[in-house]
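Quick notes on the structure that follows.
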Amino acid sequence: MGTTVTHAPAMEGLSQDSEPRHGPVKPARPAALKRRRRRENLAGYLFMSPWIAGFLLLTAGPMIASLYFAFTDYNLFDAPKWIGLGNFSEMFGDPRWRHSVQVTLWYVAVGTPLKLLAALGVALLLAQSRRGQAFYRAAFYAPSLIGASVSVAIVWKAIFSDDAVVDRTQKIFGIDVGGWTGDPDMIIYSLVALTVWQFGAPMVIFLAGLKQVPRELYEAAEVDGAGKLRRFWNITLPMISPVLFFNVLLETIHSFQIFSSAYIVGGGAGSNACGPADGSMVYTCYLYVQGFENSRMGLASAMAWLLLVAVALVTAVLFWSQKRWVHYEEGAR
């Protein structure tokens, strides 16, 4: 009766620091980790395989082939014949090629700034709160979606042809110069007007940049007596300079690549494929004429690679110049 029975604890031997009955958890072996990573990489490459195949077959392969053709005499029908730098020497001695370079540089130097000025001006107006703001943004952006289509180029050619809308409007004000698309000196202006009309895409980017400018800066400048022009020059432009640089870079590259509008507005085939008297003979249009109308694919490849080098040099100059006029937030550069 007086005997005391002592029961062992139910979890005897399993203290807080004790290990489970099946022993310590062993870390994965390096070989197992390698096999798992190999399986994961294989799955990733399988998902990427359509893009890789498309890049090799549709981008990298044709680029390498065109680089080879640039040093050959190739007409799409016979086997290419190696001629070294013959295409480049012929190109530099061709007056039509030099004319296409001049037309392209004029188009880039005039069309790109006008397009960016229009985009920035409309973005400044739309940055202010007003009724129907969403409608105006969509309306101004719409031309950027359809402006590069062939149908719009055909309509644009009709608008600027003889006795059309632009010609009749000019006659109202006593200006009788005829249609722009039939005049070698005026057709390039119709292309500039078309690219300026497509200012919607850079406008949206400018608008996003303007929304990021702190209102406190404008309020402080207004208290100090700064006018609208001074606030724009000393606050708005420096604050949106990264966005401005992005738009300048993007639109400059796009201007060098203009083709469809110049080809369609210029005529689209035959001797006037690039405008009357080569008035709209931009670089890519002459490249197309040499490659597909004259079957000079070797010469066209040389022209294409020279354009690539020129655009790369312009891009490098723009990146070099941004150190002088682009202002980033500290640590963001």
Would you give the length of the straight line joining atom [atom1] of [X] to atom [atom2] of [Y], rounded to the nearest 0.5 angstrom?
{"X": "S261", "Y": "W156", "atom1": "OG", "atom2": "CH2", "answer": "10.5 Å"}
{"X": "F77", "Y": "S295", "atom1": "CZ", "atom2": "OG", "answer": "5.0 Å"}
{"X": "T315", "Y": "I253", "atom1": "OG1", "atom2": "CD1", "answer": "4.0 Å"}
{"X": "N87", "Y": "D73", "atom1": "CG", "atom2": "CG", "answer": "7.0 Å"}
{"X": "M239", "Y": "L217", "atom1": "CE", "atom2": "CG", "answer": "6.0 Å"}
{"X": "N247", "Y": "F199", "atom1": "CG", "atom2": "CZ", "answer": "13.0 Å"}

For a quick test of reading the model, state the closest non-hydrogen atom pair linking [X] to [Y] and the distance between them.
{"X": "I146", "Y": "V152", "answer": "O-CG2, 3.0 Å"}
{"X": "P276", "Y": "P184", "answer": "O-CB, 3.3 Å"}
{"X": "P113", "Y": "V108", "answer": "CD-O, 3.6 Å"}
{"X": "I154", "Y": "I264", "answer": "CG1-CG2, 3.7 Å"}
{"X": "A262", "Y": "S280", "answer": "O-OG, 3.6 Å"}
{"X": "G291", "Y": "A300", "answer": "CA-CB, 3.6 Å"}

Quick check: does any side chain N or O of [X] sit under 3.5 Å from a backbone N or O of [Y], one acting as donor and the other as acceptor?
{"X": "D183", "Y": "D185", "value": "yes"}
{"X": "N41", "Y": "G44", "value": "no"}
{"X": "T112", "Y": "A109", "value": "no"}
{"X": "S241", "Y": "V326", "value": "no"}
{"X": "D162", "Y": "G179", "value": "yes"}
{"X": "R231", "Y": "A226", "value": "yes"}
{"X": "Q133", "Y": "Q128", "value": "yes"}
{"X": "H99", "Y": "M281", "value": "no"}

Given side chains that start at C-beta, do those of [X] and [Y] come closer than 4.5 Å, heavy atoms only?
{"X": "M203", "Y": "L126", "result": "yes"}
{"X": "T72", "Y": "K81", "result": "no"}
{"X": "L306", "Y": "W97", "result": "yes"}
{"X": "Y283", "Y": "F256", "result": "no"}
{"X": "V282", "Y": "Y288", "result": "no"}
{"X": "W325", "Y": "L244", "result": "yes"}
{"X": "I175", "Y": "K171", "result": "no"}
{"X": "W180", "Y": "I187", "result": "no"}

Quiz item: When you look at E251 and L116, which way does the side chain to side chain contact (heavy atoms under 4.5 Å, CB included) test go after all the steps?
Solution: CA-CA 8 Å; E251 295 303 326; L116 294 178; 3.8 Å; yes
Quiz item: Are D94 and Q290 close enough, and set up right, to give a side chain to side chain contact (heavy atoms under 4.5 Å, CB included), and what steps lead you there?
Solution: CA-CA 12 Å; D94 185 1; Q290 289 287 13; 3.9 Å; yes
Practice problem: Taking the six-membered ring for Trp and the full ring for Phe, Tyr or His, determine whether the centres of F71 and F88 are under 6.0 Å apart. | Solution: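 Ring centres of F88 and F71 closer than 6.0 Å.
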Quiz item: Below 6.0 angstrom between ring centroids: does that apply to F140 and W197?
Solution: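 For F140 and W197, the ring centres are not under 6.0 Å apart.
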Quiz item: Which residue pairs pass the side chain to side chain donor-acceptor pair (under 3.5 Å) test when at least one of the two sits in residues 204-230, sequence neighbours left out?
Solution: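 Residue pairs with at least one partner in residues 204-230: Y218-T236.
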With a 4.5 Å cut-off on side-chain heavy-atom distances among I, L, V, M, F, W and Y, is there a chain of contacts connecting [X] to [Y]?
{"X": "L117", "Y": "L194", "result": "no"}
{"X": "W82", "Y": "L299", "result": "yes"}
{"X": "V204", "Y": "F135", "result": "yes"}
{"X": "L237", "Y": "L249", "result": "yes"}
{"X": "F319", "Y": "V311", "result": "yes"}

Tell me whether the count of non-hydrogen atoms from other residues, nucleotides or ligands lying under 6.0 Å of [atom1] in [X] goes above 12.
{"X": "W233", "atom1": "CH2", "result": "no"}
{"X": "Y68", "atom1": "OH", "result": "yes"}
{"X": "F92", "atom1": "CZ", "result": "yes"}

Exercise. Would you kindly say whether T181 and S161 are connected by a side-chain donor-acceptor distance under 3.5 Å?
Key: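 The answer is no; no qualifying pair exists.
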Quiz prompt | Short side-chain donor-acceptor distance under 3.5 Å, Y45 and E40 | solution =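 Result is no, nothing qualifies.
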Self-check item: Listed partners of R37 passing salt bridge (Lys or Arg N to Asp or Glu O under 4.0 Å), at least two apart
Solution: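 By the salt bridge (Lys or Arg N to Asp or Glu O under 4.0 Å) rule, R37 matches no residue at all.
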Output a table of donor-acceptor pairs, distance under 3.5 Å, between side-chain atoms of residues 55-67 and any protein atom two or more places apart or on a different chain; print 'none' if there are none.
residue : atom : partner : partner atom : Å
S66     : OG   : P62     : O            : 3.3
S66     : OG   : M63     : O            : 2.8
S66     : OG   : W305    : NE1          : 2.9

Quiz item: Between T195 and I258, is a side chain to side chain contact (heavy atoms under 4.5 Å, CB included) present by the stated rule, with each step listed?
Solution: CA-CA 9 Å; T195 191; I258 176 181; over 6 Å; no
Quiz item: Can you check side chain to side chain contact (heavy atoms under 4.5 Å, CB included) on M186 and F160, steps first, answer last?
Solution: CA-CA 10 Å; M186 297 297 295; F160 284 87; over 6 Å; no
